[in-house]
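A quick write-up on the structure given underneath.
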Amino acid sequence: MSSALIPYVLSSLLFFPYLPFSLKAEYVFVLLAILPYLFLRNFKFNKEILILSFCLISTLPFVLLTSFHSFETGLFASPLTMFARLALPGAMLISFSFALCSAENVFEHTIRAITISGSILAAVAIASLIFPNFSTLLWPWIINEESSVWSQSMNLGRVPGLFNQPLEAGLFYSIALFASVIGFKLRSKIVISDYVFLILIFIGGIITLS
């Protein structure tokens, strides 16, 4: 498999349903698959992606601090739980910096993969908003119990889509929107699909109200 395809394979993990014991496929696969890369690549890493991961991780102490002063953080989730939820994307980005160390034009492909994934996830969220019965098809990907964050968010008019809560959706759409804008600068020729992706991601972020 071409190394340029790795970002697209990694981003496709977002569309896997829950594994047993409520484990997410992307966390299990990436964090386990990175171990061989550490040795096969002699601990080489992609500097650009590693910098992005540390930028994300640097915000976590502020999230933890503000969570201590909020009684409604994540619908009464503990500050440490909120910290862990946001730390996982940072850990995944760090693993990406190793897995993508040898891919050609890795930054451009990663930006493109995030943009495409974001637009697909946004389209699913939009469909669940327009067609009420569509949400019943999402049960393998979400925790759809009456007291779950996903269900309560939908009752409040916030649409997480395949994400379990607006916070996770909002974080991803923010990254996807950032990637989409960067993609406009990286591409020598802008096509209509680029505008479609941007619009979908923007709408997806709005309907989460996050």
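These figures come from a predicted structure and were not determined experimentally. Basis for what follows: all heavy atoms, side chains included, without hydrogens, waters or symmetry-related copies.
- Closest non-hydrogen pair, Ala179 versus Ile114, comes out as CB-CG2, 3.9 Å.
- Between Tyr173 and Ala125 the shortest heavy-atom distance is OH-CB, 3.9 Å.
- Between atom CG of residue Leu177 and atom OG1 of residue Thr115 there is a gap of 9.0 Å, rounded to the nearest 0.5 Å.
- Listed by chain and number, the residues in a side chain to side chain contact (heavy atoms under 4.5 Å, CB included) with Ile130 are Ile126 (sequence neighbours excluded).
- Residues Lys189 and Asp194 are not paired through a salt bridge, judged by the lack of any N-O separation under 4.0 Å between the basic side chain and the carboxylate.
- Judged by distance alone, the side chain of Ser180 and the main-chain N or O of Ala176 form no donor-acceptor pair under 3.5 Å.
- Counting heavy atoms of neighbouring residues, nucleotides and ligands inside a 6.0 Å radius, atom CD1 of Ile190 exceeds 12 of them.
- In this structure, Leu171 and Phe163 have side chains that are not in contact, with every pair of non-hydrogen atoms separated by 4.5 Å or more.
- Heavy-atom minimum distance, Phe134 versus Val124: CE2-O, 3.7 Å.
- Taken together through direct or relayed side-chain contacts under 4.5 Å among Ile, Leu, Val, Met, Phe, Trp and Tyr, Ile199 and Leu121 form part of one hydrophobic cluster.
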Full working for ring pair (Phe, Tyr, Trp, His ring centres under 6.0 Å) between Tyr195 and Phe184:
CA-CA 9 Å; Tyr195 294 103; Phe184 274 88; 5.3 Å; yes
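- Residues Asn133 and Thr136 approach most closely at O-OG1, 2.5 Å, considering heavy atoms.
- A 4.5 Å side-chain heavy-atom check between Arg158 and Gln165 finds every atom pair outside the cut-off.
- Separation of atoms CD1 (Ile120) and OG (Ser12) is listed at 9.5 Å; rounding is to 0.5 Å.
- Just one of Thr208, Ile207, Leu209, Ile203 meets the side-chain contact (heavy atoms from CB on, under 4.5 Å) condition when paired with Val159; it is Ile207.
- When the ring-ring contact (aromatic ring centres under 6.0 Å, His included) test is applied to Phe197, no partner is found at least two apart in sequence or on another chain.
- The structure places OG of Ser117 at 4.5 Å from CZ of Phe15, a figure rounded to the nearest 0.5 Å.
- Leu186 is linked by a side chain to side chain contact (heavy atoms under 4.5 Å, CB included) to Phe107, Glu108, Ile111, Ile182, counting only residues two or more places apart in sequence or in another chain.
- Considering CG of Leu167 and CZ of Phe172, their distance stands at 14.0 Å, rounded to 0.5 Å.
- Note on Ile116 and Val181: separate hydrophobic clusters, where clusters join Ile, Leu, Val, Met, Phe, Trp and Tyr whose side-chain heavy atoms are under 4.5 Å apart, directly or indirectly.
- Under a 3.5 Å cut-off, the side chain of Trp150 and the backbone N or O of Pro160 do not form any donor-acceptor pair.
- Minimum interatomic distance between Ser128 and Gly161 (heavy atoms only, all atoms of both residues): OG-CA, 4.5 Å.
- Within a 6.0 Å radius of CZ in Phe131, no more than 12 heavy atoms belonging to other residues, nucleotides or ligands are found.
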